[in-house]
Amino acid sequence: MLKLVLFLFFSLNAHASVVLIDPGHGGEELGAIGHLDKGRKVMEKDLSLRLAKKISDKLRPHVNVFLTRSLDRAVGLQERADMADKVKADLFISVHFNSSTDPKAHGFETYYLDNNKDAAVKKVEKQENFSQKGEDQVVNQILIDLVIQQTVKASKGLALTVHGKLKNHMKPTGLTNRGVKAGLFYVLALSKRPGLLLEAGFVSNLSELKTVQQEEFMERYSTAVANGVVEFLKNNKKP
């Protein structure tokens with residue numbers, strides 16, 4: 001039955017681009033944890049799934065869109081990569097929320113796959129790659145270099161387009177624009193296609209945590225990302 005549904009779906013949308021949205025973490029992999037008043041916890045895995053679903057809903061009228069997970073479950077790095085191959089994704093977008101030992105750290109930033117020696121970027125890389133137990137042996141430097149050669153131009157163009165929309169659309173939220181940055185993320189390397197890793201805000205900052213939970217924030221951010229993706233695909237057929 002599932003095969004029939006997928007066949008009909010692709011038959012009706014044979015010429016549309018395919019975007020795979022990847023909500024970060026899931027299941028026992030909690031991601032960053034924010035703390036609200038009265039000890040209430042907010043987990044990155046829940047925020048990223050909520051935001052990913054909104055991005056997916058806004059993209060669906062324009063492209064074929066899939067989620068690596070639609071429930072709170074653990075999804076291995078290789079499983080995410082295999083899914084990108086299975087649905088023949090043109091773009092891979094991983095959705096995350098940031099964290100820092102500095103409770104004042106704030107803002108949103110957009111990453112694409114490339115080399116970067118910046119210390120602040122290294123901290124984000126370590127944070128997002130931390131849970132990939134043993135899989136760093138699979139994604140060796142040779143593979144990363146090959147993927148970068150094939151995807152960096154398109155990925156950087158996608159990042160600049162999407163972040164340009166975010167920069168303008170997020171002004172009313174008061175969040176700081178931290179810019180577009182390069183980073184070595186295993187999930188982007190294994191996907192082997194142009195992609196982004198979004199850091200939508202800091203859950204370690206109480207004020208920002210309260211903001212990113214709001215429906216207005218989710219709507220604004222997801223709309224900006226969807227608009228950026230659609231614009232990029234319009235100008236870059238089958239990247």
Side-chain angles (χ1 to χ4, degrees), residues 21-57 67-75 77 80 93-112 118-132 159 162-163 165-167 169-181 183-188 195-226:
I21 309 294
D22 174 47
H25 311 286
E28 65 272 14
E29 189 184 321
L30 309 181
I33 300 176
H35 299 272
L36 290 169
D37 301 323
K38 300 180 181 179
R40 288 182 295 151
K41 293 182 180 179
V42 178
M43 291 173 283
E44 180 187 359
K45 66 171 185 173
D46 297 326
L47 287 174
S48 65
L49 179 58
R50 183 180 160 198
L51 182 54
K53 285 181 174 179
K54 283 191 171 293
I55 296 171
S56 175
D57 289 343
L67 291 165
T68 56
R69 67 179 179 94
S70 56
L71 302 171
D72 180 19
R73 72 178 187 92
V75 183
L77 187 65
R80 296 173 198 258
I93 298 176
S94 196
V95 181
H96 292 258
F97 284 81
N98 220 332
S99 180
S100 174
T101 54
D102 178 5
K104 295 181 180 180
H106 59 285
F108 60 93
E109 52 198 10
T110 303
Y111 287 89
Y112 63 96
D118 184 86
V121 173
K122 291 297 181 187
K123 289 181 180 179
V124 179
E125 290 174 351
K126 184 178 180 180
Q127 175 180 298
E128 300 303 352
N129 293 334
F130 173 78
S131 62
Q132 313 306 333
V162 168
H163 198 83
K165 299 292 184 184
L166 284 168
K167 180 174 64 175
H169 214 61
M170 299 305 290
K171 285 180 181 178
T173 68
L175 264 70
T176 299
N177 169 23
R178 295 169 65 95
V180 173
K181 301 175 182 178
L184 295 179
F185 298 99
Y186 297 161
V187 71
L188 295 182
L196 300 177
L197 188 141
L198 302 168
E199 293 284 1
F202 281 80
V203 300
S204 52
N205 181 313
L206 178 57
S207 175
E208 192 148 295
L209 176 59
K210 290 178 179 178
T211 298
V212 300
Q213 283 197 107
Q214 295 173 6
E215 187 66 16
E216 180 185 355
F217 171 87
M218 291 281 177
E219 283 292 320
R220 281 189 171 277
Y221 195 98
S222 59
T223 297
V225 171

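One-based numbering along the sequence shown.
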Report yes if some heavy atom in the side chain of [X] is under 4.5 Å from a heavy atom in the side chain of [Y]; otherwise report no.
{"X": "E199", "Y": "R178", "answer": "no"}
{"X": "F97", "Y": "V42", "answer": "no"}
{"X": "D37", "Y": "L206", "answer": "yes"}
{"X": "V212", "Y": "F202", "answer": "no"}
{"X": "Y111", "Y": "H96", "answer": "no"}
{"X": "E208", "Y": "N98", "answer": "no"}
{"X": "V225", "Y": "K54", "answer": "no"}
{"X": "F108", "Y": "H163", "answer": "yes"}

Please assess K123 against Q127 for the test side chain to side chain contact (heavy atoms under 4.5 Å, CB included), listing each intermediate value before the final yes or no. CA-CA 6 Å; K123 289 181 180 179; Q127 175 180 298; over 6 Å; no
Looking at K45 and E28, is any side-chain nitrogen of the basic one under 4.0 Å from a carboxylate oxygen of the acidic one? no
Pair K181 + E125, salt bridge at N-O below 4.0 Å: no
Would you please test E44 and E29 for side chain to side chain contact (heavy atoms under 4.5 Å, CB included) and show each step? CA-CA 9 Å; E44 180 187 359; E29 189 184 321; over 6 Å; no
Looking at [X] and [Y], what are the two nearest heavy atoms and their distance?
{"X": "F217", "Y": "T211", "answer": "CB-O, 3.3 Å"}
{"X": "V203", "Y": "S99", "answer": "CG2-CB, 4.5 Å"}
{"X": "S204", "Y": "D102", "answer": "OG-O, 4.5 Å"}
{"X": "L77", "Y": "V187", "answer": "CD1-CA, 3.4 Å"}
{"X": "I21", "Y": "A52", "answer": "CG2-CB, 3.6 Å"}
{"X": "G27", "Y": "D72", "answer": "N-OD1, 2.8 Å"}

How long is the span from the [atom1] atom in [X] to the [atom2] atom in [Y], to the nearest 0.5 Å?
{"X": "T223", "Y": "H169", "atom1": "OG1", "atom2": "NE2", "value": "5.0 Å"}
{"X": "K171", "Y": "L166", "atom1": "NZ", "atom2": "CG", "value": "12.5 Å"}
{"X": "S94", "Y": "L198", "atom1": "OG", "atom2": "CG", "value": "8.0 Å"}
{"X": "D22", "Y": "L49", "atom1": "CG", "atom2": "CG", "value": "10.5 Å"}
{"X": "R69", "Y": "H25", "atom1": "CZ", "atom2": "NE2", "value": "9.0 Å"}
{"X": "H35", "Y": "K41", "atom1": "NE2", "atom2": "NZ", "value": "6.0 Å"}

Taking side chain to side chain donor-acceptor pair (under 3.5 Å) as the test, write out the residues that go with H106, two or more places apart. T176
Near K122 NZ, under 6.0 Å, is it more than 12 heavy atoms from other residues, nucleotides or ligands? yes
